[in-house]
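What follows is a short report on a single structure.
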Amino acid sequence: MPRDPRFDILFEPVQIGPVTAPNRFYQVPHCTGMGYRRPRSLAGLRGMKAEGGWGTVNTEYCSIHPSSDDEPYPSASLWDGADVEALAMTVDAIHEHGALAGVELWHGGAASANHYSREAPIGPVSRPAGVWDPVQTRAMDKQDIRELKRWHLEAALRAKEAGFDIVYVYACHWYLIRQFLLPSNRRNDEYGGSLENRARLLRELIEDTKEAVGDTCAIAVRFSASDGGPDDDQDTAEPREILELLADLPDLWDITVHDYTYEMGTSRFVPEAGLEATMSWVKSVTDKPVVSVGRFTSPETMLRLVRQGVVDLIGAARPSIADPFLPQKIAEGRDDEIRECIGCNICYTGDQTGTPIRCTQNPTMGEEWRKGWHPELMPSKGSDSSILIVGGGPAGLEAAVALGKRGYRVTLAEARKELGGRVSRESRLPGLAQWARVRDWRLNQIGKLKNVEFYLDSVVDEEQILEFKADHVVLATGARWRRDGLGRSHEDPVPGWDGSTVLTPDDIMDGAVPNGPVVVYDDDHYYMGGVVAEKLRREGFKVTLVTPANEVSTWTTHTEEQFRIQERILRLGISLVTGTSLAHIADGSVTLESIHTGEAGEIEAGSVVMTTSRTPQDDLYYSLVDRISITRVGDCLAPGTIATSVYSGHRYARELDSVVAAPVAFLRE
Ligand code: ADP
Ligand code: SF4
């Protein structure tokens with residue numbers, strides 16, 4: 001289908017200083033968990049974005065000097081010639097597809113504890129450094145500031161040598177340049193105190209970078225448009241003054257907000273284009289092009305923002321991760337095929353855990369180089385085998401789509417009256433509606449594949465599987481929440497677990513109504529405990545959330561949600577009991593025990609929602625494994641995230657009838 005001419009404007013070139021972006025699709029800098037440690041993986045990933053039509057593709061933040069390393073979070077670096085060589089691979093991969101390559105030069109200042117380089121952290125003033133790290137910065141003197149400027153300039157020259165087209169001065173988030181910009185910079189020299197003084201370093205860095213590389217490279221500034229929160233809590237007074245001061249100095253303004261929990265907030269907390277009002281004044285202050293982000297997946301939203309003059313370029317990190325081919329799909333009138341980001345932030349957990357990026361929607365993300373996976377291309381089938389998939393959750397659906405694209409004959413049987421498995425069920429919980437996109441994209445794809453058929457309301461048993469006589473059976477039957485409380489803190493069932501008051505998240509999602517007051521026992525530590533507590537509280541129950549961790553939903557620190565979840569739990573009036581385990585369940589009450597002191601106490605509980613761990617639904621596997629070709633995927637193999645299920649289903653489909661290297665099934669750097 002040809003594209004709607006209304007969208008032509010998105011494909012117009014944009015002049016950015018001395019370079020021209022071929023279109024308005026701009027992949028802003030985003031972390032990948034690769035950085036300097038995995039340069040080939042990085043080149044593979046960034047090159048794929050360019051192939052998919054992103055006119056500009058940036059690196060993650062790129063350290064300019066060993067006085068700022070962010071270990072254990074992997075960043076890129078331009079410390080010396082070896083880094084130039086490594087990053088040139090990324091530049092070449094981007095240029096191969098006609099896109100511009102940008103690099104976000106970065107110095108963390110007080111944000112970096114320098115665990116790797118062991119250099120003393122530096123900053124405008126002496127203050128605690130890193131994330132809860134027991135070290136402080138050394139206050140920079142004038143000589144340090146001169147040194148910093150030299151490092152930045154030399155890194156810019158290296159960036160040019162590597163072939164980059166856009167070089168950033170990174171003045172946002174909680175990093176060095178913003179530490180100078182903030183009122184907390186109370187230096188009493190010309191780099192602190194008054195707003196003009198606090199902005200001096202930024203001004204000088206822009207000027208120096210321009211002079212050093214501005215003949216061939218555009219100079220972009222990443223800047224925070226608000227010192228406050230989202231649209232309903234803006235504080236734009238100082239950002240506006242600074243922007244007015246520097247309005248036309250850089251070639252491009254990359255505008256965002258400093259608070260990651262809003263800038264890249266999950267869909268549970270921040271909607272698409274959630275920062276629009278915060279950004280909308282910027283273009284009235286500068287004549288230079290402006291790019292900004294907002295988890296944009298809708299071409300209509302992109303069009304409106306460009307038409308209304310809010311931005312010149314559509315900035316995207318997550319939408320480009322979930323679908324590296326988003327621009328190409330719009331260009332070809334295939335908008336319905338966009339694999340829309342669900343706003344879960346699993347992609348960010350790579351950086352936070354020091355591991356390569358992964359994505360819930362796009363199982364090929366991060367696998368471009370090491371496994372040679374392409375998000376849009378599948379190898380042709382390796383045989384004429386027929387495949388029966390049992391279970392239509394994310395694992396079964398992804399396997400069906402990927403096998404279907406390879407050309408296999410696929411039949412999927414789902415016990416329920418709807419497809420989607422856990423994503424359909426969980427997307428009805430508060431704040432998780434967009435998770436249904438995992439199902440919807442796959443349903444849309446299945447609709448286009450003649451060789452894939454599915455049956456709903458079809459509980460498949462051993463006999464039916466044997467009767468069906470498929471060459472291969474894929475068991476994607478998922479997992480169920482345990483009722484007995486086994487999990488991280490309990491090796492044995494919690495006494496009293498088999499009483500009538502115990503429910504599981506599956507029961508709640510199936511519509512069970514608890515008796516109040518409710519105790520949600522969360523020994524899972526991702527989102528489920530907090531979400532179930534929120535749902536029941538909103539329905540009017542008195543809820544106590546009990547967890548052995550020292551904060552609610554503790555793993556969500558990796559998805560940048562923990563703070564927002566705890567805020568919501570407390571604001572809703574849910575009682576939060578941390579560092580505590582569930583010792584005993586009685587009729588009408590539970591006994592809780594401090595994990596620190598063992599001190600026990602009883603609280604009233606009409607129901608307990610046990611959120612601890614899950615049991616794979618794998619009986620069919622064990623009864624059939626010696627008789628037919630049967631493989632478990634997703635939660636049925638090992639309960640995990642939606643991302644692990646999608647990946648598992650995809651991997652099965654990719655590897656069927658092919659030879660996979662063992663024991664390491666991927667290339668290493
Ligand atoms: P995953 O994340 O691994 O895809 P889910 O729990 O989301 O797991 O999905 C599993 C799906 O399998 C559910 O929709 C469930 O209804 C379905 N299912 C489980 N057992 C059977 C069965 N015997 N026959 C058909 N479908 C089944
Ligand atoms: Fe979007 Fe989730 Fe993929 Fe990140 S992991 S790009 S938030 S779908």
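Heavy-atom basis, side chains included; hydrogens, waters and symmetry copies ignored. Start at 1 and go down the list; that is how both ligands and their atoms are numbered. This one's a predicted model, so the numbers in the text were calculated from it and none came from an experiment.
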Of the protein's non-hydrogen atoms, which lies at the shortest distance from [atom], and what is that distance?
atom                    : result
atom 1 (P) of ligand 1  : Ser645 OG, 3.5 Å
atom 6 (S) of ligand 2  : Arg318 O, 3.4 Å
atom 7 (O) of ligand 1  : Arg422 N, 2.7 Å
atom 6 (O) of ligand 1  : Gly478 CA, 3.4 Å
atom 26 (N) of ligand 1 : Ala415 N, 3.0 Å
atom 3 (O) of ligand 1  : Asp635 N, 2.8 Å
atom 12 (O) of ligand 1 : Gly391 CA, 3.2 Å
atom 16 (O) of ligand 1 : Glu414 OE2, 2.6 Å
atom 8 (S) of ligand 2  : Ile342 N, 3.4 Å
atom 2 (Fe) of ligand 2 : Cys344 SG, 2.4 Å
atom 1 (Fe) of ligand 2 : Cys341 SG, 2.4 Å

Going by distance alone, is a donor N or O of one side chain under 3.5 Å from an acceptor N or O of the other, for [X] and [Y]?
X      : Y      : value
Tyr527 : Glu426 : yes
Thr612 : Arg482 : no
Arg632 : Gln617 : no

Ring centroids only, cut at 6.0 angstrom: are [X] and [Y] within range, meaning strictly under it?
X      : Y      : result
Trp497 : Tyr521 : no
Tyr647 : Trp373 : yes
Tyr170 : Tyr175 : yes

For Tyr260 and His173, take the angle between the two ring planes, folded into 0 to 90°, and tell me which bin it lands in: parallel under 30, tilted 30 to 60, perpendicular over 60.
parallel

Could you check whether the rings of Phe325 and His374 sit parallel, tilted or perpendicular, using 30° and 60° as the cut-offs?
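Judged by the thresholds at 30° and 60°, the geometry between Phe325 and His374 is tilted.
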
Tell me which one of [options] gets a heavy atom nearest to [atom].
atom                    : options                        : value
atom 10 (C) of ligand 1 : Gly421, Pro394, Ala476         : Ala476
atom 19 (C) of ligand 1 : Leu419, Val460, Thr477         : Thr477
atom 9 (O) of ligand 1  : Gly393, Gly392, Gly634, Gly396 : Gly393

If we only consider heavy atoms of Ser458, is any one of them less than 4.0 Å away from an atom in ligand 1?
yes

Could you tell me if any non-hydrogen atom of Arg416 lies under 4.0 Å from any atom of ligand 1?
yes

If you measure from OG on Ser292 to CZ on Arg222, what distance do you get to the nearest 0.5 Å?
9.0 Å

When you measure from the centre of the six-membered ring of Tyr262, is the NZ or CZ of Arg564 closer than 6.0 Å and no more than 45° off the axis?
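The answer is yes; both the distance and angle limits are met.
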
Atom 3 (Fe) of ligand 2 to Cys359: any N/O/S contact under 2.8 Å?
yes

N, O or S from Cys347 under 2.8 Å to atom 1 (Fe) of ligand 2:
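Within the cut-off used here (under 2.8 Å), Cys347 places no N, O or S atom near atom 1 (Fe) of ligand 2.
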
Quick check: does Ala395 get an N/O under 3.5 Å from an N/O on ligand 1?
yes

Are Arg425 and Asp506 ion-paired here, with the side-chain N under 4.0 Å from a carboxylate O?
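Answer for the salt bridge query: yes.
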
Ion pair present between Glu276 and Arg304, side-chain N to carboxylate O less than 4.0 angstrom?
yes

